*Asks:* 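What follows is a structure written as structure tokens; I'll ask about it next.
Nothing fancy with the numbering, it's 1 onward along the sequence. Every heavy atom of this structure was used, including side-chain atoms; hydrogens, water molecules and symmetry mates were not. On a predicted model such as this, the values are computed, not experimentally measured, just so you know.
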Amino acid sequence: LPAPKPGRHYTSGLEHAELVVGTAEDGCVHSREKLLGFVAQCKREGVTLEWDYRATDKPVNADVSTSFARGGAEPDMSCKFHMRPITEVVAYEEAHPDGASVGVGVGVVGGGGDGGKDREETRGGGAEAGGTSADADTAPSGSGGGGSS
């Protein structure tokens, strides 16, 4: 199982699930448009969820997500939708440790230019809250990225 990066602490228990919705041809880089297409397809098929687009601009391993309340004192759980499985993302990141091929940290591509901070998801991320939009058509350009997810 993926685990948090060294030095990061998270409460024990299920925080989120991740589902892969892409194909090998989709890859794990620059996938915002494909993720928005996935949300649009869900809506056409009658799926009604509140979508969180904040992580769609991450240059590597972007996602759309939705949250579910557990009730009581338990924190919400979320479900994140990625284009590729975590094993492929980790392999990609290990082959491109500086992020230069996708512009991470060099200001070429969106996603915060944080030199790889967005990679935290590949080791297990923190909970996301807020920043949601009910309609993929209204997902603002540049609405995500920059933070861990």
*Asks:* Let me see the working for M83 and V21 under side-chain contact (heavy atoms from CB on, under 4.5 Å), right down to the final yes or no.
*Replies:* CA-CA 5 Å; M83 296 311 295; V21 297; 4.1 Å; yes
*Asks:* With sequence neighbours left out, write down each residue that passes side-chain hydrogen bond (donor to acceptor under 3.5 Å, both in side chains) with E33, or none if nothing qualifies.
*Replies:* none
*Asks:* What's the separation between atom CG in D63 and atom CG in D52, rounded to the nearest 0.5 Å?
*Replies:* 8.0 Å
*Asks:* Do you reckon V20 sits in the same ILVMFWY cluster as V90, going by side-chain contacts under 4.5 Å, direct or chained?
*Replies:* no
*Asks:* Among all residues two or more places apart in sequence or in another chain, which pass the side-chain hydrogen bond (donor to acceptor under 3.5 Å, both in side chains) test with T23?
*Replies:* E25, D26
*Asks:* Could you tell me the separation between the CG atom of D76 and the CD atom of E15, rounded to the nearest 0.5 Å?
*Replies:* 10.0 Å
*Asks:* How many angstroms lie between atom OH of Y53 and atom CG of L36, to the nearest 0.5 angstrom?
*Replies:* 6.5 Å
*Asks:* Rounded at 0.5 Å granularity, tell me how far OG in S65 sits from CG in L19.
*Replies:* 11.5 Å
*Asks:* If a pair satisfies salt bridge (Lys or Arg N to Asp or Glu O under 4.0 Å) and one of its residues is in residues 82-91, list it, with sequence neighbours excluded.
*Replies:* R84-E88
*Asks:* Working to the nearest 0.5 angstrom, can you tell me the gap between F68 CZ and H16 NE2?
*Replies:* 13.0 Å
*Asks:* Specify the closest pair of heavy atoms between N61 and H82, including all atoms of both residues, with the distance to one decimal.
*Replies:* OD1-ND1, 3.0 Å
*Asks:* Does T66 reach the main-chain N or O of E50 with its side chain, forming a donor-acceptor pair under 3.5 Å?
*Replies:* yes
*Asks:* Using the six-membered ring wherever Trp is involved, compare the ring planes of F38 and F81 and label them parallel, tilted or perpendicular (cut-offs 30° and 60°).
*Replies:* tilted
